[in-house]
Amino acid sequence: MTSSNTLNRVERACARLHHDGHPVTFTAVAALTGLGRTTLYRNPTLRAVIDEHRHRTTTSGTLTGLTDEIATLRAALDAIAARVRHHEEQLRRLTARTS
């Protein structure tokens with residue numbers, strides 16, 4: 001599960017790299033956030049954020065870039081939907097226990 005603090009740190013790191021004219025890479029984001037590269041690669045939400053920023057800087061404004069961005073957003077949305085389903089299931093189990 002990704003905390004909002006971790007997600008914000010990754011977003012800020014990507015924005016800073018882009019603003020400073022540096023390429024958005026997993027290594028650079030890891031260095032700025034203090035998170036491990038493995039964490040960034042394995043967490044689907046964080047990976048989607050970094051991939052979105054990477055594609056935005058390399059192909060911004062092109063049809064291919066827009067297609068890639070849509071695919072990245074879909075992956076992020078799928079990851080969020082899976083988390084919501086997991087939390088809903090946990091709530092059902094907790095509600096059943098207390099009833």
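Since this is a predicted model, take the numbers as computed values, not measurements.
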Is there a side chain to side chain contact (heavy atoms under 4.5 Å, CB included) between Asp51 and Phe26 once you walk through the steps?
CA-CA 9 Å; Asp51 283 339; Phe26 284 88; 3.8 Å; yes

Residues Arg47, Arg42; criterion side chain to side chain contact (heavy atoms under 4.5 Å, CB included); working and verdict:
CA-CA 7 Å; Arg47 185 179 185 123; Arg42 288 184 180 169; over 6 Å; no

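Taking both residues in full, the closest heavy atoms of Val24 and His53 are given as CG1-CB, 4.0 Å, listed atom of the first, atom of the second, then distance. Ala76 and Ala48 get closest at one heavy-atom pair: CB-CB, 3.7 Å. The two atoms that bring Pro23 and Leu17 nearest to each other are O-CD1, 4.1 Å, heavy atoms only. Summarising the geometry of Thr45 relative to Ala79, their closest heavy-atom pair is OG1-CB, 4.0 Å, with the distance given to 0.1 Å.
One N or O on the side chain of Arg9 and one on the backbone of Thr33 form a donor-acceptor pair closer than 3.5 Å. In terms of modelled atom types and a separation under 3.5 Å, the side chain of Asn43 and the main chain of Thr39 share no donor-acceptor contact. At least one donor-acceptor pair under 3.5 Å links the side chain of His87 to the backbone N or O of Arg83.
Placement of Leu73 and Ile50 in two distinct hydrophobic clusters is found when ILVMFWY residues are connected by side-chain heavy-atom separations under 4.5 Å, directly or transitively.
Atom-to-atom distance recorded for Leu46:CG and Leu35:CG is 7.0 Å, nearest 0.5 angstrom. To the nearest 0.5 Å, atom CG of residue Leu7 and atom CZ of residue Arg12 are 10.0 Å apart. Once rounded to the nearest 0.5 Å, the distance linking OG1 of Thr98 with CZ of Arg93 reads 13.5 Å.
In this structure, Arg85 does not pair ionically with Glu88, as no charged nitrogen and carboxylate oxygen lie closer than 4.0 Å.
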